[in-house]
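Side chains are part of it too, since the values below use all heavy atoms of this structure and drop only hydrogens, waters and symmetry mates. Each residue takes its place number in the sequence, starting with 1.
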Amino acid sequence: MCGISGFFDRTFQLEQSQLEKYNKVLEHRGPDGRDIYFKKTATGNLGLAHTRLSILDLSELGKQPMYFRELTIVLNGEIYNFKVIQKELETLGYTFDSSSDTEVVLKSFHAWGTKCVNKFSGMFAFGIYDSSNDKLYLCRDRVGVKPLYFYHNKDGIIFGSELKVFFATRIFLPKVDSRSLSSFINYGYSTNDSTILQGVKKAATSSWTIYDCKSNEISLQEYWSYSDLFEQEKFTGSFEEAISQTEKLAQEACELRMVSDVPVGVFLSGGFDSTLVTALLQKDRIEKLKTFTIGFSDGVDESKDAARIAAHLGTDHTSYDCKQQDAMDLIPELAYLFDDPIADISCIPTMLVSKLARKEVVVALSADGGDELFGGYDGFKSTPEVLSKINQIPLKQISGRIAKMAAPLFSGKYSHLQKKIEGLGNILTASERDRIYQMHIQQIGFPKSMMNKLFSQNFENTPHQKTIKKITEPLDELYILGVEDTLANLLLVKVDRAAMGFSLEGREPLLDHNLMEFAAALPYDYKHNGSESKRPIREIVYKYVPKEIMDRPKVGFDLPIYKWLKNDLAYLIGQYLNKSTIEKDGFFRADYVELLVNQFKKGELRYVAIIWRLLVFQMWYERWMRSGNGN
C-alpha cells in the first residue's frame, strides 16, 4: 500500500523537486520510504514518485520505483495471487530478485503487455513508463478499491493517488468544478469520473488509461466490466448449492487477503458481512484473529453485539467506546484527508476504527460490498413493489407531465411534496430502462426549487447525472449503480482515505472479482426474496454464529452529528456558514444559507443533510482554496 504520483510535462517546467513535493504530501500513505524517477526526453520531462507502506518484502529489494529493462513502475495496492503468477513467469525464463508483488506486475507487463491484468487478483493502481514506445500506462483495479486521478491538457499529464498532488503542482491552477459542486450538494460526493477540481478526473476503473508522450493523446482500454456480468447465463443450481459456492469463493478471497509480511486484523462491526469475513478466517486458525470495533454510547452502537460475536468466534477483540470529543477532534481533519470532499458522516467512525486498529496491525480487512452484491439495501425490497404500482398507472407519459407541471406549486414548507411529485413525474415519463435510476435519484437528492434558491445566479446548478455502462434487465440497475457508483465513488473512497490517513492498509475480500462474477449470475430471489436480504451470506453466517446473536435490525455507522451541531459544534456553523464568508466565496446565496441555518437551529429544517454538506464543502474550501493550496 502506497502513494503514487507523476507527470509528463511538455513545458519542461516540472523537475525532480516537484516529485519530492508529491511524496511529502502523500507521506501518510507510505511512511516507510520514498523515492523518485526523473527523466528528460525529447518532448518533455517525465517523473514518477512513490511513498511506501511496507507490506510485502520489507527489504530494500521491494522499494519503488522499480525497473526492468525498458520499464519503470510505481504501484499502490496488492496483487494477492502474485506467487502463482510468479511461478508461471519463471517457466517463461524470468527470474526474480525480490519477494514483492510489484516485481511480478512489472515482469507480467513485460511478458504479456496490457493483457497481464487479467491474471491479477487484487486491488491496485499503478503507472508503468515504457521507454521503448514513450508511453505511460495507468491502470486501476476492477472496482476502484485503489484511487487514481489525472489531469490532462495540451502541456501533458499529471497523476496521483489523491488530489493533494494537484494542489502541490506549481503549474496547476485549481478551480472548483461547478457541476461537481452541484453533484456534491445533491448526493454528498462527486459522481462518475468527475472530481471537485475542474479538469481533474478519476482514472476509469477496470481500465488502462494510456498516455502517449509523443502525441500527447490518451486512449482508454477496458479489461473487465461489472455490468457485462449480468449478460452471462444465470446460475441454475439449487439455493443450497449457491450457498456452498458462495462460501467457497468467500473463503478463498479472505485467505488470499491474509497474504502479508506485517500483522493483519479485521474490522468487525457486528453486521452479517464483517461477521462472515471474521468467521471464515477464524474457523480453521489456531491463533486468534485480531478484530476491532468502536461504539458510541450516544449514537448508533453495535459494539456490544460485535463483542458477543467476537467472543463466540474466539477472536482477539479490541473494542473502544468513543466519546463525543474523540469524534469532534477528527472533524478538522476531514477536509485534509478527504481532499475530494465526501459528506458521509460515517467517515468519522471509519477514521476512528482505523486509528484504533493501526495501534496493533498494519493491514485490516473490511467487508464492503456485501450489500451491493447480494441485495442488502432496502431498495432491493421496495423497488419491485414500487415498479409494480407504477406499471398499473394508465397513460404514464401524460400523468407524468401533469405531475411535473404541478410540482412547482408546492414550495416552502411543502417542498418535500414538491420533491415527491416532481420525482413521480420523472419516474412516469422515463423510459423503462431509466425508471429505476429516476427512483434512485428521487430518494437521495434535494428538491429542485431548494437547489435553485441555494446556488448563486452566476453558478451552474446542474449536477452530473450518474451514469452506468449498460442495462439488460431493470433490476440489474440496482446492482450496477451500487457497484459502479456508490461503491466506486463513495464507500471505497471513504475507507481508503480513512485508513490511509493513519497509514493502515484496508482490504476488501467481498469484492474479489471471482465472488463478484458468481454473485452477478445468481437469480434475484437467491439474493433477496422480497423479505430477506443477502440470503447466502446470512445462511453461511448462521453456520458459525447463532441466529439469536445475529437477527436484529440492520444499522450502520452513525453519529448524532446534528445534535452536536446545535450544541458543542455550533461554532463550526458560525465559522463556516456565516453570511460574510458565503458572500465572499460566491457559490451560494448568503441569505438563503442564513435561512437554512436558522431553520436548522429551530428544528424546522426538513432536509438537515444540506447543513452538513454545506459545512463539509466550506471546510474543504477554507483548507484548500481560500488559505492557499501548497503550490
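- Taking CG of L491 as the reference point, atom CG of D344 lies at 7.0 Å (rounded to 0.5 Å).
- In the displayed structure, K24 atom NZ is contacted under 6.0 Å by at most 12 heavy atoms of other residues, nucleotides or ligands.
- Between the side chain of N186 and the main chain of S182, a donor-acceptor pair closer than 3.5 Å is present.
- Looking at heavy atoms from C-beta onward, L352 lies out of side-chain contact with L356 at the 4.5 angstrom threshold.
- The existence of a salt bridge linking K323 and D329 is excluded, since no basic side-chain nitrogen approaches an acidic carboxylate oxygen closer than 4.0 Å.
- To the nearest 0.5 Å, atom CE of residue M516 and atom CZ of residue R142 are 9.5 Å apart.
- Residues M619 and P341 fail the side-chain proximity criterion, which asks for heavy atoms closer than 4.5 Å.
- Side chain to side chain, T291 and H317 meet the donor-acceptor criterion of an N or O pair below 3.5 Å.
- Of the possible donor and acceptor atoms, one in the side chain of S180 sits under 3.5 Å from a partner among the backbone N and O of T195.
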| query | Given the rule in the side chain to side chain contact (heavy atoms under 4.5 Å, CB included) test, do N118 and Y223 qualify, once you have shown the distances and angles that lead to the verdict? | reply | CA-CA 7 Å; N118 297 315; Y223 63 84; 3.9 Å; yes
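- The ring-ring contact (aromatic ring centres under 6.0 Å, His included) analysis of residues 337-375, with sequence neighbours excluded, yields no pairs.
- Side-chain contact annotation: Y320 with D326, donor-acceptor N/O pair under 3.5 Å present.
- Both cation-pi conditions hold for K527 and Y479: the charged atom is under 6.0 angstrom from the six-membered ring centre and inside a 45 degree cone around its axis.
- Taking the six-membered ring where the residue is Trp, H513 and W224 present perpendicular rings, their angle passing 60° and hence far from 30°.
- Two residues are said to be in side-chain contact when any heavy atoms from C-beta on lie closer than 4.5 Å; L53 and P31 meet this criterion.
- Of the possible donor and acceptor atoms, one in the side chain of R538 sits under 3.5 Å from a partner among the backbone N and O of S533.
- Note on D273 versus K534: salt bridge recorded, some NZ/NE/NH1/NH2 to OD/OE distance being below 4.0 Å.
- Using a 3.5 Å distance cut-off with no hydrogens or angles, the side chains of E27 and N23 do not pair a donor with an acceptor.
- Under 4.0 Å is where a charged nitrogen must lie from a carboxylate oxygen, and between E539 and R535 no such pair does.
- When side chains are defined from C-beta on, E477 does not count as touching I480, because their heavy atoms never get closer than 4.5 Å.
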| Can you check side chain to side chain contact (heavy atoms under 4.5 Å, CB included) on Y542 and M550, steps first, answer last? | CA-CA 8 Å; Y542 289 149; M550 295 305 305; 4.1 Å; yes
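- For the pair E372 and L511, the minimum side-chain heavy-atom distance is 4.5 Å or more.
- For K63 and D35, the salt-bridge test passes: some basic side-chain N is under 4.0 Å from an acidic carboxylate O.
- Side-chain contact between M500 and L337: absent, with no pair of heavy atoms (C-beta onward) separated by less than 4.5 Å.
- Remark: D193 pairs with no residue by the salt bridge (charged side-chain N to carboxylate O under 4.0 Å, His left out) rule, at least two apart or across chains.
- Defined by atom type and a distance below 3.5 Å, a donor-acceptor pair is missing between the side-chain atoms of N192 and S194.
- Between the side chains of K288 and Q282, no donor-acceptor pair is found at a separation under 3.5 Å.
- Judged as a ring-ring contact (aromatic ring centres under 6.0 Å, His included), and not counting sequence neighbours, F292 has no contacts.
- Atoms NZ and CG, from K202 and N489 in turn, are 3.5 Å apart once rounded to the nearest 0.5 Å.
- Between R257 and E78, none of the side-chain N atoms (NZ, or NE/NH1/NH2) sits under 4.0 Å from a carboxylate O, so this pair counts as no salt bridge.
- At least one donor-acceptor pair closer than 3.5 Å links the side chain of T51 to the backbone N or O of G3.
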| task | List the steps and the verdict of side-chain hydrogen bond (donor to acceptor under 3.5 Å, both in side chains) for Y149 and D339. | result | CA-CA 12 Å; Y149 302 89; D339 47 12; 5.7 Å; no
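- The main-chain N or O of L75 is found under 3.5 Å from a side-chain atom of Q64 such that the two form a donor-acceptor pair.
- Interatomic distance, OG1 of T278 versus CG of L313, reported as 7.0 Å (0.5 Å rounding).
- Looking at heavy atoms from C-beta onward, R623 lies out of side-chain contact with Q618 at the 4.5 angstrom threshold.
- Residues Q251 and E247 have side chains that never bring a donor and an acceptor to within less than 3.5 angstrom of each other.
- Within the model, atoms CD1 of I79 and NZ of K119 stand 13.0 Å from one another, a figure rounded to the nearest 0.5 Å.
- Between the side chain of R613 and the backbone N or O of I185 there is at least one donor-acceptor pair closer than 3.5 Å.
- Side-chain rings of F126 and W208 approach one another, their centers coming within less than 6.0 Å.
- Contact between I4 and A125 at its shortest, heavy atoms only, is CD1-O, 3.4 Å.
- Applying the side chain to side chain donor-acceptor pair (under 3.5 Å) rule to Y576 yields no partners; only residues at least two apart in sequence or on another chain are considered.
- Remark: F124 CZ to K146 NZ distance equals 12.0 Å, nearest 0.5 Å.
- For residues 343-366, no pair satisfies ring-ring contact (aromatic ring centres under 6.0 Å, His included), with sequence neighbours left out.
- A donor-acceptor pair shorter than 3.5 Å can be found between the side chains of S269 and S274.
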| query | Between H50 and S5, is a side chain to side chain contact (heavy atoms under 4.5 Å, CB included) present by the stated rule, with each step listed? | reply | CA-CA 7 Å; H50 185 267; S5 55; over 6 Å; no
| request: Begin with the C-alpha distance, continue with both residues' side-chain angles, and end with the deciding distance and a verdict on side chain to side chain contact (heavy atoms under 4.5 Å, CB included) for Y187 and D485. | output: CA-CA 11 Å; Y187 312 131; D485 179 61; over 6 Å; no
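- Note on residues 353-365: pairs passing salt bridge (Lys or Arg N to Asp or Glu O under 4.0 Å), not counting sequence neighbours, are K290-E360.
- F272 places none of its side-chain heavy atoms less than 4.5 Å from the side chain of T275.
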